[in-house]
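In what follows, every heavy atom counts, from backbone to side chain, and hydrogens, waters and symmetry copies are set aside. To find a chain, count down the sequence lines: A is the first, B the second, and so on, and within it residues start at 1. If you're wondering where the values come from, they're calculated on a predicted model, not measured in any experiment.
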2 protein chains.
Amino acid sequence: MARKKRTNDPEGMRRRVLDVAEDFFQARGYHASSLGDLMAAAGVTGGALHHHFPTKKALALAVIEERVAAAVRETWIEPVLAASSAREGVRAVFEAVAAELEEQGYVRGCPLNNLAHELSLADDEFRLALANIFAGWRQAIADKVRADQTNGGEGGTDPDRFAALAVAAYSGAMSMAKTSQDAGFLRECLKELESLQLSSGGSTVRRRRRVLLR
Amino acid sequence: MARKKRTNDPEGMRRRVLDVAEDFFQARGYHASSLGDLMAAAGVTGGALHHHFPTKKALALAVIEERVAAAVRETWIEPVLAASSAREGVRAVFEAVAAELEEQGYVRGCPLNNLAHELSLADDEFRLALANIFAGWRQAIADKVRADQTNGGEGGTDPDRFAALAVAAYSGAMSMAKTSQDAGFLRECLKELESLQLSSGGSTVRRRRRVLLR
DNA sequence: GACAAAACAGGACAACCGGTCTGTTTTATA
DNA sequence: TATAAAACAGACCGGTTGTCCTGTTTTGTC
């Protein structure tokens, strides 16, 4: 008979739990995800789970601070910072996410908004952690607008307002996309946003100046 | 000893249950609301509850189809239809809700979005009911835009896109407002939306006509 | 190799949940 | 007033939940 061996791998164990928890919390939500199912899916025993995450709340907090924040960073902040301008970055992200969802065939929604809606009112610690991610998201976009402005673009745009609307439009569009299981709402909102910006936006300064010079 | 009397009031009983359920589901969410707490808060026994709503799902479905739909109708659809134009209607609702939240002192979020995020992926019947409310919401705004257009306004605006963005911006702004407990995001998004529409939007027709007549 | 701490295993448990069931009272109808 | 259905009361139950607890194994350190 072969003896059973065990290899301690705390980091790997923790990662596996977070992987499954991230997936469960987004697909089923926090309250609808039982630790029993989670343990089974992750192949983890109760003792191990409790060792790394003493409570369910601690697990969710880790998911928020590590995974949800990372998701926002990867799908939004980094692409926007890498883009040629804030507006172009926002456009590219809308487009990329819409394309990804259409290929995927279903819409699970925005990880941040999903948890924010369920947990913001339940617990202040949850709420604060989620609000911080929203703030970082907006700030990255606003900073990009400011960078554009020092480079001579985006004349009359208020960076914080622009960022707030970009995040809001995305969040809301994703909410409708999730509820209708139709990624098209992302494209619709992006188009409307662009059609408005086309006639104002960067050219605002020029037009206003023209009016004044008459 | 006074004898205990009972007065059957099926409609009132049903209304009281729905009142509490609507409140609970918005404040705590569906899964976090136990029927026990709900019964206690409504002063209703298990028998009565089960008589009117056989399952928790049936109760939630009634809340969605009666209360949430009514909330959207009252705070959005009716004001927009009564406004002088679609844009003015959207502006007025943003303003009114922001003012109401600021006076109230806290933000519980949009009833529709709250439940949509938690229940859309859990059950298709939930999802469909919620998607219908979103659709009616958008359609009311889009219809108003079309009415504006037959009255000579809103030249190049795509009604459906405009409606989608209006709903998305509101939903997303409310999501941030709820998470940050700050109604200011509604005002910020409205201002950005207006600053874009000021230079394009309703004046598009006039400007275009002027260009054509030159 | 001794030893303490970390890592993990797995059972146990009390609280709670939603749903069911039986029984009683009210009410509409005739 | 007879009667059946609707409206309501309240106990009950099986299953689930998150957490705790007691052991055992692995691992780093001297």
- [ ] Figure out the CG/C1' separation between L35(B) and dC12(D), and round it to whole Å.
- [x] 16 Å
- [ ] Please tell me which of H31(B) and N8(B) maps to the more 5' nucleotide of DNA chain C, matching each residue to the nucleotide holding its nearest heavy atom.
- [x] H31(B)
Open item on the list: Closest approach to the side chain of K56(A), judged atom by atom: which nucleotide of dG18(C), dC8(C), dT19(D) is it?
Closed with: dT19(D)
TODO: To the nearest Å, give me how far apart CZ (F53(A)) and P (dT19(D)) are.
DONE: 13 Å
Open item on the list: For a quick check, tell me whether the side chain of R6(B) and the base of dT25(C) share a donor-acceptor pair closer than 3.5 Å.
Closed with: yes
Open item on the list: Let's see if you can work this out: which of dC8(C), dG18(C), dC8(D) has an atom nearest to the side-chain heavy atoms of M13(A)?
Closed with: dC8(C)
- [ ] Take the protein atom CZ of R15(B) and the nucleotide atom P of dC8(D), then report the distance between them rounded to whole Å.
- [x] 12 Å
Task: Whole-Å gap separating C1' (dT27(C)) and CD (E11(B)) - done: 14 Å
- [ ] Please determine if a side-chain N or O atom of H50(B) lies less than 4.0 Å away from the OP1 or OP2 oxygen of dG19(C).
- [x] no
Task: Position toward the 5' end of DNA chain C (nearest nucleotide), T7(B) or G47(A) - done: G47(A)
TODO: Would you please confirm or rule out a distance under 4.0 Å between OP1 or OP2 of dA7(C) and any side-chain N or O of H51(A)?
DONE: yes
Open item on the list: Mind checking if H52(A) touches a base, just sugar-phosphate, or nothing, with heavy atoms under 4.0 Å?
Closed with: sugar-phosphate
Open item on the list: Using ring centroids (six-membered ring only for Trp), state whether H117(A) and H117(B) fall under 6.0 Å.
Closed with: yes
Open item on the list: Output the rounded distance in Å from CG (L38(B)) to P (dG19(C)).
Closed with: 12 Å
Task: Residue S34(A), side-chain heavy atoms: nucleotide from dG18(D), dA9(C), dA7(D) that is nearest - done: dG18(D)
Open item on the list: If I take atom CE in residue M39(A) and atom C1' in nucleotide dA12(C), what distance separates them, rounded to the nearest angstrom?
Closed with: 13 Å
Open item on the list: Less than 6.0 angstrom from the centroid, inside 45 degrees of the normal: does K144(A) satisfy that with respect to the ring of F162(A)?
Closed with: no
Task: Worked verdict on F53(B) versus L18(B) for side chain to side chain contact (heavy atoms under 4.5 Å, CB included) - done: CA-CA 10 Å; F53(B) 306 99; L18(B) 283 179; 3.8 Å; yes
- [ ] Hey, could you give me the CZ/NE2 distance between R15(A) and H52(A), rounded to the nearest 0.5 Å?
- [x] 11.5 Å
Open item on the list: From C-beta outward on T45(A), which listed nucleotide comes closest to its side chain: dC8(D), dT19(D), dA9(C)?
Closed with: dA9(C)
TODO: Give a yes or no on this: more than 12 heavy atoms of other residues, nucleotides or ligands lie within 6.0 Å of atom CD of E103(B).
DONE: no
